[in-house]
Amino acid sequence: MSHETTSKRHTKTVTKLLLVTVGMFGFGFALVPLYDVICDITGLNGVVNLQAADHDGATVDEDRTVTVEFIATVNGNRPWTFKPEVRRMEVTPGELHTVTFRTTNGQSEDTVSQIVPSVAPGLAGRHFRKTECFCFTEQPFEAGENRDMSVTFFIDSRIDERTNTVTLSYTLFDLGAGDDPDFDPEDAELHANTR
Amino acid sequence: MSSATDTAHHGHDHHHAPPYGITRWLFTTNHKDLGVLYMSFGLLMFFIGGAMAMIIRAELFQPGLNLVDPYFFNQMTTMHALVMIFGAVMPALTGLANWLVPVQIGAPDMALPRVNNWAFWLLPAGFVLLLATLFMPGGAPASGWTMYPPLVLMLGDSFPFLIFAVHILGISSIMGSINIAVTILNMRAPGMTLMKMPLFVWTWLITAFLMIAVMPVLAGAVTMLLTDQYFGTSFFNAAGGGDPVMFQHIFWFFGHPEVYILILPAFGIVSAILPTFARKPLFGYSSMVYATASIAFLSFIVWAHHMFTVGLPLAGQLFFMYATMLVAVPTGVKIFNWMATMWRGSMTFETPMLFSIAFVLLFTVGGLSGVMLALAPVDLQYHDTYFVVAHFHYVLVTGTIFAIMAAVYYWLPKWTGHMYDEKLGKIHFWVSVISVNVLFFPQHFLGLAGMPRRIPDYALQFAEFNMISSIGGFVFGFAQLLFVWIIIKCVRGGEKVTDQVWEGAQGLEWTLPSPAPYHTFETPPVVK
């Protein structure tokens, strides 16, 4: 075999393998949107819709009740107080309920928080409908401010009949953006709405 | 071999004896030199990673916080894994491929000799970055080798060093793999069809493809960590709409094929050694090839069995559980083929054969505990316990490391022209095989009883088994010094060996003189 062809064959094979390498590097990043899409389509991962749900036309299922539990966590031991006013409640699927969360910014400066919801079991996430929620947007707090924030929700009556308890967990993230020169509240709101 | 292109590829040392001095090793493009460099580097890292394991076992010798600071203990568990995986096992296997693939397929050298040199010399660079963190304020990475966020983002100064070290090691592995794949695909001797290739070559071809496919994914994942930390992205930050669990998905999409990258070449080694000392051809050659390919394919669809406790939905748990258990089928095919190869063979038990038989037995132990871990309902209990530690050390130490040692004993006479000291080799084997079981077998019991991994202290009821395990660890660790002595002794001299070395050895490398000359198969052999 002539060496000219050997070196050409090498170039060809190396090019193909390098393309695979580049492609797989890209695939790693493509997994990020894919992950969101898969969670969205399948309702896995307890992802909660961050757009306000429409309660009109929701059917009420009088025959059963579902226990809803509330958990509030502050991420990273930041000096916040964040507590639901009730720990759990019995609800009838289809009926609207409102729960308030006591929130205090224990810092001596203005701070922005983002509260991220998650629902367990994961597959109940898509049936947990919120018509109004403090988690839809970032929440600015003044120094030491104490505020009651509320979420209004209903459980879709199409929820799996084997599910009798749903846990709604909120995690409060301190964005500390009060003194961030780049921080633009409008951007943040836009960002929150498109999520 | 005299065309202009070829001379350019081989550089100044073509057709000459190897030059002397340090520049020989710095500038070499010879596959045998680079094989030696890779394997020596692997051996050095084996001892550095082993020293870290000694510190871990010393701390766990008795309950209580005895020797080291807990944070330092975490650095040791993290660095032990990184050093052993990326520093010891992968370079040792790449070194074996460098030395053996060209002589097994009848090629004069690797396809890309200069890339080969570059890929090797990136390794010391990467490990300088990684090991330098041990001497930095704040210490080395302590997040576990899996680098899960958000914990890994709290490392401080060692974080960027870790990320860039992983990048460099990844680039090195990718270049090495491309080189090996191109060599195997394009440089086989006339008549050496794919299905005539020795199984070590086959397993390395598949390993190379696995690496090319998943190393870039790891590079992507650590790049995301880097931008999350320094450039304000939120891939894994829930506050910004990301998800830390997604890192685990991406990481294990790399990580599971990675564990097969570590074991497949070992399958190839054992498939070469068992037929030699059983004096029978390998049983079921083509089924071995297909089993290897099936394992490689399955490795891409089982990653979430590392994540059964993150809250996967039922359907996901079932899928990953069944897919994982499916891996046992092609692996079982291999184990039965090895047994059938030995069945009614005229077996002799030289050191490489002893290590290979121990591989078959003890790798099976690790495989069976793997099947137990694959069961999602029981994994909820075993997850992150010493049972997992016992499992992966059985497949990696008594699996891959034993196979590498078997390979060194098997091919060392071909490399040096001298027979190693068989008596010392047997002592090394028996001390190793007993102590490694004393080291890892009790860890099964510790794990089933609930001892968590990666924690420097434990409850009192675990004391006896931990002490036994530590004693086994110290013996195993120090026994490896004997291995180094045997290699040094063999390099310096010893009984001269024939070209075939072993009575039952088959294959192109055994047609070469012993020691193999610096340049081999400049005229390709014809394989019938």
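Below, chain A is the first sequence line, B the second, and so on; all start at residue 1.
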Does any heavy atom of chain A fall under 4.5 Å from the side chain of [X], the backbone, both, or neither of them?
{"X": "Phe253(B)", "answer": "side chain"}
{"X": "Ala221(B)", "answer": "neither"}
{"X": "Ile174(B)", "answer": "side chain"}

Validation row, ring centre Phe153(A) to ring centre Phe128(A) under 6.0 Å:
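Ring-ring flag for Phe153(A)/Phe128(A): true, centres closer than 6.0 Å.
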
If you count heavy-atom pairs under 4.5 Å with chain B, which of Thr13(A), Val14(A), Val32(A) comes out on top?
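Between Thr13(A), Val14(A), Val32(A), the count favours Val32(A).
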
Counting only heavy atoms not in Arg158(A) (residues, nucleotides, ligands), do more than 12 fall under 6.0 Å from its CZ?
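No, the 6.0 Å shell around CZ holds no more than 12 heavy atoms from other groups.
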
Hey, are Asp174(A) and Gln114(A) close enough side-chain-wise for a donor-acceptor pair under 3.5 Å?
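There is no such pair between these side chains.
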
Just how far is it from atom CG of Asp148(A) to atom CZ of Arg102(A), taken to the nearest 0.5 Å?
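Result: 4.5 Å between the selected atoms.
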
Measure up the Phe164(B) and His167(B) rings against each other and bin them: parallel (under 30°), tilted (30 to 60°), perpendicular (over 60°).
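Phe164(B) vs His167(B) ring planes: tilted.
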
Side chain, backbone, both or neither: which part of Phe29(A) has a heavy atom under 4.5 Å from chain B?
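Both parts, heavy atoms under 4.5 Å.
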
